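Data block below; observations after.
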Amino acid sequence: MPANLSPEYKSAQDAFRRAREPPEKLECLREMLRTIPKHKGTEHLQADIKTRIKELTEELGGPRKGASRSGPELAIRPEGAAQIALIGPPNAGKSSLHARLTGSHAVAGPYPFATKFPLPGMLAYEDVQFQLVDLPPVSADYIEPWMAGTLQNADAVLLVVDLSDPDCVDELEAVERRLEEKKVSLLARIPGRTDTVLEVPPDGGSGGPPAENLEDPFRLRLPALLVASKADLYSDPEAELAAFRELAPDPFVSLAVSTETGRGIDDLGGALFELLEVVRVYSKMPHHPADMSRPFTLRRGGTVREVAQLVHRGLASELKFARVWGPSAEFDGQQVSGDHIVRDRDVVELHW
Ligand SMILES: Nc1nc2c(ncn2[C@@H]2O[C@H](COP(=O)(O)OP(=O)(O)O)[C@@H](O)[C@H]2O)c(=O)[nH]1
Ligand SMILES: [Mg+2]
């Protein structure tokens, strides 16, 4: 038996990472379990896959009969161009920000743990919608056991910190440590589309390679934006933010905002658009004007084939060619193949 992960397994794992809808994720997980080489070196991974299958099956099956847990939804179904989780220490201003950005009635309060469950809301930026999810705080002492599960659906994180809190540097560090413990890494930008999959080195015939050498498909790598809240409390928030960044040298793009004065609030949508490398594409039928009312959204580097898949599931495999107008077209109506990389505000006419 070859020790290396099979190409079948790798493509199932890639598909899992791309999958957004829970049923699709479940399908991919089953395929991963079916195709993973069964030897000692993959035992941990096999167990992890089985756990995820069990969790997702339960999530999709709805509340179990006689289950102890009934109550608010912990997994928020993604809507819009991306799902963004608000994360930070207690009283950082997450719920106030959520209410201000989405018009939600998120409860804010000068006491910790006012927020107990995930709360979704929509933030409009130009013609794109982002789903923001308010969450309970993360601190050195506590993280909700279900938090990592909820983050499975997130595409990015708004890391909210209150610079007026004297412990904010330590608190931010604690948040990141807590997330790391749950296999959630925060990055300054979205992970590359062509992340190399680590090969399992050939095992010498006995026992298989150590599990550490396997790339962990369940490690979440989420791009994050650092939001310094309560900017109204400072005469010079930029200087305050710069001083904070000296002490907490994270690589994240940062923004000082205030829900009291509205400072920086209008910049958040654009910052998320940049962070998530969103590309909007409008679809068009032959001999008809483009539908400019609703863009399809994908990530920078996305292709015409991916657009086809968004327009209609299964269309990608039947695509013959497309015509493009806009930033990626050399001339209006240029005929291109499925591999053509689209750009923001392209109009695409699919032929199949
Ligand atoms: N001065 C000021 N206070 C704020 C701001 N945003 C939130 N707060 C206050 O900070 C406290 C905690 O806010 P909350 O949104 O509940 O924080 P959360 O625990 O992170 O959700 C509340 O008393 C808010 O009124 C802000 O921009 N400026
Ligand atoms: Mg809150």
Side-chain angles (χ1 to χ4, degrees), residues 71-76 83-123 130-151 154 156-179 184 186 222 224-245 248 250 252 254-269 271-272:
E73 227 25 86
L74 298 176
I76 304 295
Q83 185 185 87
I84 294 108
L86 272 78
I87 300 231
N91 291 318
K94 300 176 292 299
S95 296
S96 306
L97 195 60
H98 190 268
R100 175 96 195 201
L101 290 170
T102 71
S104 75
H105 299 288
V107 179
Y111 44 87
F113 305 102
T115 310
K116 296 201 168 60
F117 299 105
L119 178 73
M122 300 307 287
L123 161 70
F130 292 116
Q131 183 186 47
L132 301 192
V133 181
D134 190 22
L135 289 168
V138 177
S139 68
D141 302 330
Y142 193 70
I143 182 168
E144 296 287 351
W146 45 261
M147 192 77 105
T150 300
L151 288 175
V157 163
L158 277 186
L159 202 48
V160 185
V161 282
D162 171 3
L163 299 189
S164 70
D165 183 336
D167 294 329
C168 61
V169 174
D170 291 345
E171 286 179 340
L172 178 60
E173 214 238 332
V175 168
E176 291 183 63
R177 200 175 52 244
R178 279 295 194 174
L179 292 176
V184 179
L186 301 183
L222 296 173
L225 203 62
L226 183 74
V227 179
S229 62
K230 312 188 189 179
D232 53 285
L233 300 179
Y234 303 98
S235 51
D236 188 352
E238 287 309 325
E240 200 66 34
L241 184 52
F244 172 78
R245 307 225 45 179
D250 284 310
F252 313 116
S254 56
L255 225 68
V257 308
S258 165
T259 55
E260 297 280 324
T261 63
R263 179 194 200 277
I265 293 293
D266 290 342
D267 300 333
L268 267 167
L272 286 171

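Note that the coordinates shown come from a computational prediction; the quantities given were computed from them, not determined experimentally. In listed order, ligands and their atoms are each counted from 1.
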What part of D232, side chain, backbone, both or neither, has a heavy atom within less than 4.0 angstrom of ligand 1? side chain
Do the side chains of V175 and L186 get nearer than 4.5 Å, heavy atoms only? no
For the side-chain contact (heavy atoms from CB on, under 4.5 Å) test, which of L158, V161, L159 pairs with V227? L158
Output yes when a side-chain donor or acceptor of Y142 lies under 3.5 Å from a complementary backbone atom of P137, and no otherwise. no
Does CG in D267 sit with more than 12 non-hydrogen atoms of other residues, nucleotides or ligands closer than 6.0 Å? yes
Can you name the one residue among L151, D134, I76 that meets side-chain contact (heavy atoms from CB on, under 4.5 Å) with P118? I76
Using a strict 4.0 Å cut-off to heavy atoms of A108, name the atoms of ligand 1 that fall inside it. 14 (P), 15 (O), 16 (O)
Check G93 against V160 and note the closest heavy-atom contact, atom names and distance. C-CG1, 4.3 Å
As an exercise, identify every atom of ligand 1 less than 4.0 angstrom from a heavy atom of S96. 6 (N), 7 (C), 13 (O), 14 (P), 15 (O), 24 (C)
Does ligand 1 come near enough to L97 that some N or O of the ligand is less than 3.5 Å from an N or O of the residue? no
Keeping T150 on the side-chain end and A75 on the backbone end, is there a donor-acceptor pair under 3.5 Å? no
Numbering the atoms of ligand 1 from 1, which are under 4.0 Å from a heavy atom of S95? 15 (O), 18 (P), 21 (O)
Got a sec, which residues hit side-chain hydrogen bond (donor to acceptor under 3.5 Å, both in side chains) with D232, two or more places apart in sequence or on another chain? S258
Looking only at heavy atoms, is any part of L233 under 4.0 Å from ligand 1, and if so is it the side chain, the backbone, or both, or is it neither? side chain
Please examine the side chains of E176 and L172, heavy atoms only from C-beta on, and report whether any two atoms are closer than 4.5 Å. yes
Under 3.5 Å: donor-acceptor pair, side chain of K94, backbone of P89: yes
Is there at least one pair of N or O atoms, one from S229 and one from ligand 1, spaced under 3.5 Å apart? no
Do V257 and ligand 1 have an N or O pair less than 3.5 Å apart? no
Report the protein N/O/S neighbours of the Mg ion (ligand 2) that fall below 2.8 Å; do not count waters. S95 OG, T115 OG1
